[in-house]
Protein chains: 2
Amino acid sequence: MSIQRRRERERAEREKLIVTAARELAEAEGWDAVTTRRLAAEIEYSQPVLYSHFKGKDAIMAAVAVEGFAELAVELRAARAAAEGAREALAAVGEAYTDFARRRPALYDAMFTHTVDLPFATPQAPAALHEAFGELLRAVEPIVTEGDDPGLLTETYWAGLHGLITLMRSGRLPKEAHAARLSLLTAHFTACAT
Amino acid sequence: MSIQRRRERERAEREKLIVTAARELAEAEGWDAVTTRRLAAEIEYSQPVLYSHFKGKDAIMAAVAVEGFAELAVELRAARAAAEGAREALAAVGEAYTDFARRRPALYDAMFTHTVDLPFATPQAPAALHEAFGELLRAVEPIVTEGDDPGLLTETYWAGLHGLITLMRSGRLPKEAHAARLSLLTAHFTACAT
DNA sequence: TCCCGATTCTAGCACCGCTAGCAATCCTGC
DNA sequence: GCAGGATTGCTAGCGGTGCTAGAATCGGGA
């Protein structure tokens, strides 16, 4: 009876331990440093236990990514709540988004860059993912002009943010002008509105 | 004398062979299939010859990427030349860009996604890279409103295109609405201009 | 106390990028 | 024509990867 419960609890704890260790290792040294051997050593278990919890390394990254979506949603919401007008809110959310990516590059990679076996653009996607996208949506909605689809506009704005981040992070865009590019992007999405 | 020449020529031919084989293999089966062993087998030489031409696998990818930049520049120029007005030209270039990425995903990855040891945002960058960016710039320039920097605006528009492509390719954005998102992006960059 | 089942580990597979050191080849000078 | 020497390309191997089969160990129930 209770023994079963205890085992399930311990198992859940160990799963959490794996995800946390993977995330910390990735944030400290990048995902390349997160090998199954290294991760196993970190949690002080042998390699195969990882596979009794997750299908493979990708699934572990996916679990880390889901954590990230929840945190991103919180940060975006805070940024939007702190801003005054609609334009300011969008700018604040854009800055919060790129700031999240800058502060947590490994987490961002798991969420948006790495190939990871998560359902994305479907209702089956994790709730945290929908929440994060919803925060973006709520920031974009007020500046939608008639005739435009809010969802599509949000996706497009999101793509702009994501493009800025990835191109900058890979050295393809100079870091210095990031703020200028970001405000250009936001300005062009809010222009002609209101 | 001439013997030296012949050797240099043969060496250059083999180098070209490596790059071509890498590109074809990548386009046919993706970059994961391009292992040094596989590539060596493809060119019918042993593995270490690759390292007498290139510092490593990344350098081979970089060489493939440079080929891609040249081709992209050509396609963007053609699209711009075929269009009538400034807005139509930008839309055409945007479509040509995303179409290039759709038709040549592996090439696009080498150019814009993969970490590759190429100088990018500096004058030392390959000429083909500057040409490709120049084509984008020439499409954006006519729609720049006063006060905005054309270079920065081009970078921002480029980031939008790149974000749309990568998020769509990784399944994070549904493929169906791509055309709608692309025209939204272009519209928001041309709005309030002229 | 003993046994059985679940759990965890050891050992190993096939692959990766990359390199040291040897063998064969080809050009040069006698 | 032929030996000597540099160059070239090969074989073999290193340390690493993700992942897994099967042995061993541990815990709970009879």
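Throughout, a chain's letter reflects where its sequence line sits, starting with A, and its residues are numbered from 1.
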In whole angstroms, how far is the [atom2] atom of [N] from the [atom1] atom of [X]?
{"X": "A:His114", "N": "D:dG18", "atom1": "NE2", "atom2": "P", "value": "11 Å"}
{"X": "A:His53", "N": "D:dG18", "atom1": "NE2", "atom2": "C1'", "value": "18 Å"}
{"X": "A:Glu44", "N": "C:dC9", "atom1": "CD", "atom2": "C1'", "value": "15 Å"}
{"X": "B:Tyr45", "N": "C:dC18", "atom1": "OH", "atom2": "C1'", "value": "20 Å"}
{"X": "A:Glu10", "N": "C:dA6", "atom1": "CD", "atom2": "P", "value": "17 Å"}
{"X": "B:Leu17", "N": "D:dG9", "atom1": "CG", "atom2": "P", "value": "13 Å"}
{"X": "A:Ile43", "N": "C:dT8", "atom1": "CD1", "atom2": "C1'", "value": "12 Å"}
{"X": "A:Leu50", "N": "C:dT7", "atom1": "CG", "atom2": "P", "value": "16 Å"}

task: Tell me whether A:Leu25 is reachable from A:Tyr45 by hopping between hydrophobic residues (I, L, V, M, F, W, Y) whose side-chain heavy atoms are closer than 4.5 Å.
output: yes
- prompt: If Ile, Leu, Val, Met, Phe, Trp and Tyr residues are connected whenever their side-chain heavy atoms lie under 4.5 Å apart, and connections chain through other members, are A:Val34 and A:Tyr51 in the same group?
  reply: yes
Is there a side-chain contact between [X] and the phosphate of [N], meaning an N or O under 4.0 Å from OP1 or OP2?
{"X": "A:Arg11", "N": "C:dT7", "result": "no"}
{"X": "B:Ser46", "N": "D:dG9", "result": "no"}
{"X": "A:Tyr51", "N": "D:dC19", "result": "yes"}
{"X": "B:Thr36", "N": "C:dC18", "result": "no"}

Pair of N/O donor and acceptor under 3.5 Å linking D:dT17 base with A:Arg37 side chain: yes
message: Ignoring hydrogens and geometry beyond distance, is the side chain of A:Gln47 in donor-acceptor contact with the base of C:dC9 at under 3.5 Å?
response: no
- request: Apply salt bridge (Lys or Arg N to Asp or Glu O under 4.0 Å) to A:Arg23 and A:Glu71, showing your working.
  value: CA-CA 13 Å; A:Arg23 173 177 173 171; A:Glu71 294 180 22; 2.6 Å; yes
query: Is the gap between the ring centers of A:Phe112 and A:Phe69 under 6.0 Å?
result: yes
field: Donor on one side chain, acceptor on other, A:Ser170 and A:Arg172, under 3.5 Å
entry: yes
query: Using a distance-only test with no angle check, is there a side-chain donor-acceptor pair under 3.5 angstrom linking B:His162 and B:Tyr108?
result: yes
query: Which heavy-atom pair separates A:Ala33 from A:Glu29 by the least distance, and what is that distance?
result: CB-CB, 3.5 Å
- prompt: Reckon A:Arg38 touches a base, only the sugar-phosphate, or nothing at all at heavy-atom distances under 4.0 Å?
  reply: nothing
- prompt: Looking at five pairs on each end of the helix from C:dT1-D:dA30 to C:dC30-D:dG1, what is the angle between the two axes, given to 10 degrees?
  reply: 30°
